[in-house]
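Each chain gets a letter, A, B and so on, in the order its sequence line appears, and its residues count up from 1. We use all heavy atoms of the structure for the numbers below, so side chains are in, but hydrogens, waters and symmetry mates are not.
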Amino acid sequence: MERLPGFRDFYPEPLPSKDAWSADARSYLFDQWRAVARRYGFREYDGPPLEPLELYTAKSGDEIVGQLYNFSDKGERAVAMRPEMTPTLARMIAGHQRNYPKPIKWFAIPQLFRYERQQKGRLREHFQLNADVFGEKDPSVDAELIALLIDTLRALGLTDEDFVVRLSSRNAWQEFFVQRGGTPDRAYAFFQVIDKLEREQEAESARLLQALGFALPDVQEFIRAATPTEELGLILSQLSARGLSPYVKVDYNVIRGLAYYTGPVFEAFDRRGEFRAIAGGGRYDNLVKVLSGGKVDLPALGFGMGDVVLMELLRARARLPEFTAGIDVVCLIEDEARRPQTLRLAQRLRDAGRAVEFSLTAAKPDKQFKRALELKARCTAQIEPDGSVRVRELKARDERRLSVDEFVQSMTQAR
RNA sequence: GUGACUGUAGCUCAGCAUGGUUAGAGCCCCAGAUUGUGGAUCUGGAUGUCGCGGGUUCAAAUCCCGUCAGUCACCCCA
């Protein structure tokens, strides 16, 4: 039986093949994500992976169904695997925001789905760190959120030589647009052209801009100058005060494809430009109001950081730690007559919180020892004929003899 | 949805152009021996619908068509 296309199996290390996904690395990534989010006072939430199709079609239109992993369930309900967390989150916030003091700072690590042909950095399923803040308009929150994004990547061993956050603002472009006589009906088309500027041929962009009443050199000069708006200036200064300046730069090329962004927007990229965006986000002050049918009006902002691109980057830059089984003690059973005593010892060590392994069947001593080495265990313990324990520290190549009680005691303290 | 390239053992691959005994190697895994203790060495063993289906042929891993899957790019990007 094969996997469904675009889905992944996660194996324990060592990995069976070069392109296999590591369950250990995934746990490591999630642990780091959670740890940093909590340092910033974010609380974890979650929602259903399967939602009514209308949750996504209601505000985005039917055309997105083509990209959704959707189907009819046995109750003939039109359902979709969640492609993003924001609608679910907006529902949760709209329903119960009054129970939480503002600002509400929440994060989640949902598995998200889409129905598309897979390519590099883009599968049919991925995990994403989502961090959002509700109920605060001040740009210092934007700075806080961007700082969280930066620190998350730093916690994974990435430096300012590996990545940069490109900071931009919908407001800056809106101002540019209005100042040059742009009319609201053309705003969307204009943003689309700006969004594609880096990928599209210059001549084509120039043509499209001209049709909208703009000049490409004017747009290029605006991007080149990269003059921060007042709110971007505040965000930059607060990041600077944290010592995070090297990780961020104003870059008006970034505009984000989504229609609902309203203020500062940002994307994190690897410096060498080998990968897709690592993370992206921004302000969406109107979305909660729209999704709640006008009942709740809360300013909001957030970002998403996917595991696929990030893992590719961490692998390419060799920033992932070595993963082992994390075994503390391998009990060696030289003589099967001492297996009961050894089981007793193993049980006591496990009760003390240590990870313990031993051969479940009779095996030659050297084979057991080799297994301990393969497991990269911290030490081996062997019950001797006189009832004492012979302990060998594998790394230090140190050997000592002590009583079972002493050994268990030392392993308890070592925590 | 479109296009290009790829698909042989658990893994990495050879064999395919020019069809021809029983499809190979290394690694991994398992067993035994040896070494008298730091992942060594030796011997043996297991695992293949040659992605799948059809066609051409006396004969297909090899040639042709289709299909599925993978990789990459496009479209799109939450």
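One can place NZ of A:Lys120 at 7 Å from P of B:C72, the figure rounded to the nearest angstrom. In this structure, A:Lys376 places its NZ atom 12 Å from C1' of B:G38, rounding to the nearest Å. Between A:Gln382 atom CD and B:G38 atom C1' the separation is 15 Å, expressed in whole Å. To the nearest angstrom, P of B:U37 lies 14 Å from CD of A:Glu334. Here B:C76 presents its C1' atom at 6 Å from CD of A:Glu116, a figure rounded to the nearest Å. When rounded to the nearest whole Å, the span between CD of A:Gln118 and P of B:G1 equals 14 Å. Rounded to an integer number of Å, the gap from CE of A:Met85 to P of B:C77 is 22 Å. Distance, A:Asp19 CG to B:C72 P: 10 Å, rounded to whole Å.
B:G44 is paired with B:C30 under the Watson-Crick or G-U wobble criterion, all donor-acceptor distances under 3.5 Å. As the counterpart of B:A4, B:U71 is assigned, both hydrogen-bonding distances of the Watson-Crick or G-U wobble pattern falling under 3.5 Å. With a 3.5 Å ceiling on both atom-pair distances, B:A9 lacks any Watson-Crick or G-U wobble partner. For B:U22, there is no paired base (Watson-Crick or G-U wobble, both distances below 3.5 Å). Across every strand in view, B:A61 sits unpaired, with no contact that passes the Watson-Crick or G-U test at under 3.5 angstrom.
Contacts of A:Pro83 with the nucleic acid, taken as non-hydrogen atoms under 4.0 Å apart, include base atoms.
For the pair A:Lys367 and B:A31, the criterion of a side-chain N or O lying under 4.0 Å from OP1 or OP2 is met.
Not a single donor-acceptor contact under 3.5 angstrom links the side-chain atoms of A:Arg117 to the base of B:G70. Below the 3.5 angstrom threshold, one finds a donor paired with an acceptor across the side chain of A:Arg122 and the base of B:C77.
Residue A:Arg400 qualifies as enclosed at atom CZ: its count of foreign heavy atoms under 6.0 Å is above 12.
Relative to the six-membered ring of A:Phe214, A:Arg180 misses at least one condition, a distance below 6.0 Å or an angle of at most 45° to the axis. Both tests pass for A:Arg170 against the ring of A:Phe191: distance under 6.0 Å to the centre and angle within 45° of the axis.
With sequence neighbours excluded, no residue satisfies ring-ring contact (aromatic ring centres under 6.0 Å, His included) with A:Phe71. Under the side chain to side chain donor-acceptor pair (under 3.5 Å) criterion, A:Arg397 pairs with no residue at all, not counting sequence neighbours.
In this structure, B:G36 is classed as syn because its glycosidic torsion stays within 90° of zero.
Only A:Lys364, A:Asp366, listed by number, bring a heavy atom of residues 359-366 of chain A to less than 4.0 angstrom from any atom of RNA chain B.
Nucleotides B:C75 and B:A17 are separated by 39 Å at their P atoms, to the nearest Å. Only the P atoms considered, B:A23 is 23 Å distant from B:C64, to the nearest whole Å.
A centroid separation of less than 6.0 Å is found between the aromatic rings of A:Tyr69 and A:Phe7. Outside the 6.0 Å centre-distance limit, the rings of A:Phe176 and A:Tyr252 are not counted as a close aromatic pair.
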(Q) Please evaluate residues A:Arg124 and A:Phe113 with respect to the criterion side chain to side chain contact (heavy atoms under 4.5 Å, CB included), reporting the C-alpha separation (whole Å), side-chain torsions for both, the decisive distance (0.1 Å), and the verdict. (A) CA-CA 5 Å; A:Arg124 285 187 173 177; A:Phe113 306 85; over 6 Å; no

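The side chain of A:Arg276 sits closest to B:C76 out of B:C76, B:A78, B:G38.
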